[in-house]
Amino acid sequence: MTETVVTRFAPSPTGFLHIGGARTALFNWLYARARGGKMLLRVEDTDRERSTDAAIDAILDGLAWLGLTWDGDTVYQFSRAARHREAVEQLLATGGAYRCYASQAELDAMREKAKAEGRTRLYDGMWRDRDRATAPAGVKPVIRLKAPLTGETAIDDQVQGRVVWQNENLDDLVLLRSDGTPTYMLAVVVDDHDMGVTHVIRGDDHLTNAARQKQIYEALGWTAPVFAHIPLIHGPDGSKMSKRHGALGVDAYRAMGYLPAAMRNYLVRLGWSHGDQEIFSTDEMVSAFDLPQIGRSPARFDFAKLESLNAHYIRQLDETALLAEIEGVLPHVAQGAELAGKLTPALRQKLLAALPGLKDRAKTLVDLIEQARFVYADRPIALDEKAKALLTAEARKTLAGLVAALAPVEPWTAEATEAAVRSFAEERSIKLGAVAQPLRAALTGRTTSPGIFDVLATLGKEECLGRLQDQAGLAAVTSDARA
Ligand code: GLU
């Protein structure tokens with residue numbers, strides 16, 4: 001039987017789930033999914049100063065939003081400190097580790113000397129073979145790995161290829177601090193081993209850690225997992241990613257109105273490719289994803305591409321699903337409060353009717369919420385500057401005439417209102433556009449909207465006549481004031 005694939009996502013809860021972390025989680029999730037394996041979640045909360053519950057919540061929430069589910073219970077690294085110490089006890093017993101009593105002054109001197117001699121191995125091994133009986137009184141030792149002095153340490157990385165380090169350049173790293181707390185390097189190895197992790201897929205900022213971790217695996221007599229170190233994400237100009245480039249938490253992307261499906265599709269293509277395919281359903285990415293197709297050079301973040309993918313996914317959703325996405329995002333976007341406060345079954349029906357005319361133009365859910373405002377705006381509706389400019393005294397008179405022309409229309413359908421508006425225009429020898437534009441401005445407060453007769457049908461008779469009267473009525477006030 002082949003071994004079950006077990007991957008893990010191991011975030012440090014010192015901040016939100018950023019875009020690089022989300023991509024790492026996605027890759028781990030996809031790799032496990034495709035192989036009938038498991039993805040585990042380990043919260044690396046050993047840095048007690050910087051880890052916060054708010055960050056943990058943000059990470060779990062971000063993963064849930066992206067649809068990246070993990071198997072089993074979340075493992076909290078800090079809670080496993082006793083087990084980490086136990087592994088060190090095992091190493092001490094077998095001679096794979098030793099107590100080091102070097103003072104800070106001695107360590108500083110070693111560092112200076114190594115620097116002067118151009119060596120990267122800083123620790124000179126003074127306590128490697130020394131008898132504990134000679135230890136200075138009252139000093140609590142750290143425990144160091146008794147790393148090999150010669151030979152090499154290598155990994156066959158699934159992305160980077162074979163990576164080799166000369167052992168003479170690697171220090172005897174600290175496994176337990178003098179206060180007995182485990183170091184990060186030790187904790188990762190013990191946890192990955194105990195959790196049965198077979199594949200470690202993570203950012204290539206951890207590549208040099210892999211050498212250290214490999215040495216710990218070997219000392220403990222454990223098999224190291226397969227490693228895949230993914231190049232980091234850079235900004236569009238190739239420089240280090242900054243906030244301006246999109247180095248934000250995934251919650252920020254939700255608040256900007258991106259769909260999880262679009263995010264997943266965007267993220268999967270950041271550094272991974274499958275021929276020249278750009279659009280991947282979740283099932284397609286699960287079956288196509290593999291490690292060798294991850295590129296070795298950093299991916300570049302491209303907002304325009306994310307936007308166009310998002311527009312694609314918005315267009316593709318049916319109205320019911322799209323409305324569900326809109327409703328889901330309302331608490332997370334600044335523009336959502338008004339609509340959230342008004343959502344009744346009747347308004348939902350109107351939105352469903354309006355969405356086909358809106359969704360082709362929207363890049364984000366926030367665009368959609370804004371463009372659908374005419375559906376949920378209260379009378380008298382606010383006009384934008386262009387709409388105001390369009391509603392001249394002349395245009396407002398046309399609106400007054402339209403109220404009379406539309407009042408008898410029954411049933412109130414797009415076709416029936418169109419027929420009434422057309423004959424109104426013909427009777428007065430006005431171009432249809434000269435009627436439709438003020439009509440649009442009065443009904444939507446804007447100069448662009450879905451097809452105007454669809455707008456009429458969506459809003460319903462009473463609301464349309466009311467909005468027209470609101471604007472036609474203002475015309476009277478304005479001309480009186482001028483007179
Ligand atoms: N906790 C580490 C980080 O957030 C990841 C460690 C690992 O994947 O091995 O960068």
Side-chain angles (χ1 to χ4, degrees), residues 5-32 37-63 66 68 70-71 74-81 84 87 153 155 157-160 163 173 175 181-217 220 222-233 240-241 247-250 267 270-271 291 294 298:
V5 165
V6 180
T7 65
R8 61 19 168 217
F9 178 52
S12 301
T14 53
F16 42 42
L17 176 62
H18 59 86
I19 201 81
R23 182 188 59 162
T24 300
L26 175 66
F27 283 10
N28 278 285
W29 185 81
L30 288 172
Y31 193 77
K38 291 186 174 147
M39 179 179 91
L40 309 179
L41 178 66
R42 180 172 72 237
V43 173
E44 302 206 313
D45 55 351
T46 43
D47 183 341
R48 303 312 284 167
E49 299 275 289
R50 294 174 61 223
S51 298
T52 67
D53 287 344
I56 295 176
D57 291 344
I59 291 166
L60 301 189
D61 188 45
L63 290 173
L66 283 169
L68 304 180
W70 58 95
D71 298 284
T74 305
V75 173
Y76 290 87
Q77 190 161 60
F78 181 68
S79 71
R80 294 179 36 83
H84 302 148
T153 295
I155 61 166
D157 193 279
Q158 296 297 293
V159 175
Q160 312 286 336
V163 186
L173 66 113
L175 301 173
T181 57
T183 57
Y184 164 74
M185 216 63 87
L186 169 77
V188 169
V189 170
V190 176
D191 291 347
D192 280 338
H193 171 263
D194 288 2
M195 290 163 73
V197 171
T198 60
H199 291 72
V200 167
I201 305 168
R202 61 186 176 191
D204 69 6
D205 48 337
H206 288 286
L207 182 59
T208 53
N209 289 344
R212 314 319 203 98
Q213 292 166 6
K214 181 80 187 290
Q215 289 188 330
I216 301 175
Y217 278 103
L220 283 161
W222 296 341
T223 310
V226 174
F227 289 103
H229 288 94
I230 327 159
L232 300 183
I233 304 168
K240 196 174 171 292
M241 182 103 160
L248 307 165
V250 294
L267 289 173
L270 267 182
L291 302 173
I294 296 175

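Each ligand, and each atom within it, is numbered from 1 in the order the structure gives.
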> Do any N/O atoms on Glu44 end up under 3.5 angstrom from N/O atoms on ligand 1?
yes

> Can you report which non-hydrogen protein atom sits closest to atom 5 (C) of ligand 1, along with the distance?
Ala10 O, 3.3 Å

> Passes side-chain contact (heavy atoms from CB on, under 4.5 Å), Phe9 versus Thr24? Steps please.
CA-CA 7 Å; Phe9 178 52; Thr24 300; 4.1 Å; yes

> Quick one: does Val200 get an N or O within less than 3.5 Å of an N or O on ligand 1?
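Checking ligand 1 against Val200, no N or O pair falls under 3.5 Å apart.
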
> Heavy-atom distances under 4.0 Å are what count here, so tell me which part of Arg8 touches ligand 1: side chain, backbone, both or neither.
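The part of Arg8 near ligand 1 is the side chain, not the backbone.
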
> Go through Trp29 and Leu63 one step at a time and tell me if the side-chain contact (heavy atoms from CB on, under 4.5 Å) criterion holds.
CA-CA 11 Å; Trp29 185 81; Leu63 290 173; over 6 Å; no

> Kindly list each side-chain donor-acceptor pair under 3.5 angstrom involving residues 199-207, sequence neighbours excluded, with atom names and distances?
| residue | atom | partner | partner atom | Å |
| --- | --- | --- | --- | --- |
| His199 | NE2 | Tyr31 | OH | 3.4 |
| Arg202 | NE | His229 | NE2 | 2.9 |
| Arg202 | NH1 | Gln213 | OE1 | 3.1 |
| Arg202 | NH2 | Gln213 | OE1 | 3.0 |
| Arg202 | NH2 | His229 | NE2 | 3.3 |
| His206 | ND1 | Asn209 | ND2 | 3.1 |

> Considering heavy atoms of the protein only, find what lies nearest to atom 10 (O) of ligand 1 and give residue, atom and distance to 0.1 Å.
His206 NE2, 2.9 Å

> Is ligand 1 under 4.0 Å from a heavy atom in the side chain of Tyr184, in the backbone, in both, or in neither?
side chain

> Count the heavy atoms of every other residue, nucleotide or ligand shown that sit under 6.0 Å from NZ of Lys214, and state whether that count exceeds 12.
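Yes, NZ of Lys214 has more than 12 neighbouring heavy atoms, counting only those of other groups under 6.0 Å.
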
> For Asp47, which residues count as a salt bridge (Lys or Arg N to Asp or Glu O under 4.0 Å) partner, sequence neighbours excluded?
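Only Arg50 meet the salt bridge (Lys or Arg N to Asp or Glu O under 4.0 Å) criterion with Asp47.
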
> Taking only heavy atoms of Ser12, which atoms of ligand 1 are found under 4.0 Å from at least one of them?
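That gives atoms 1 (N), 2 (C), 3 (C), 4 (O) of ligand 1.
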
> What is the distance from atom NZ of Lys240 to atom CG of Leu232, rounded to the nearest 0.5 Å?
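Rounded to the nearest 0.5 Å, the NZ-CG separation comes out at 8.5 Å.
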
> By number and element, which atoms of ligand 1 are closer than 4.0 Å to a non-hydrogen atom of Arg202?
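Counting from 1, the qualifying ligand atoms are 7 (C), 8 (O), 9 (O).
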
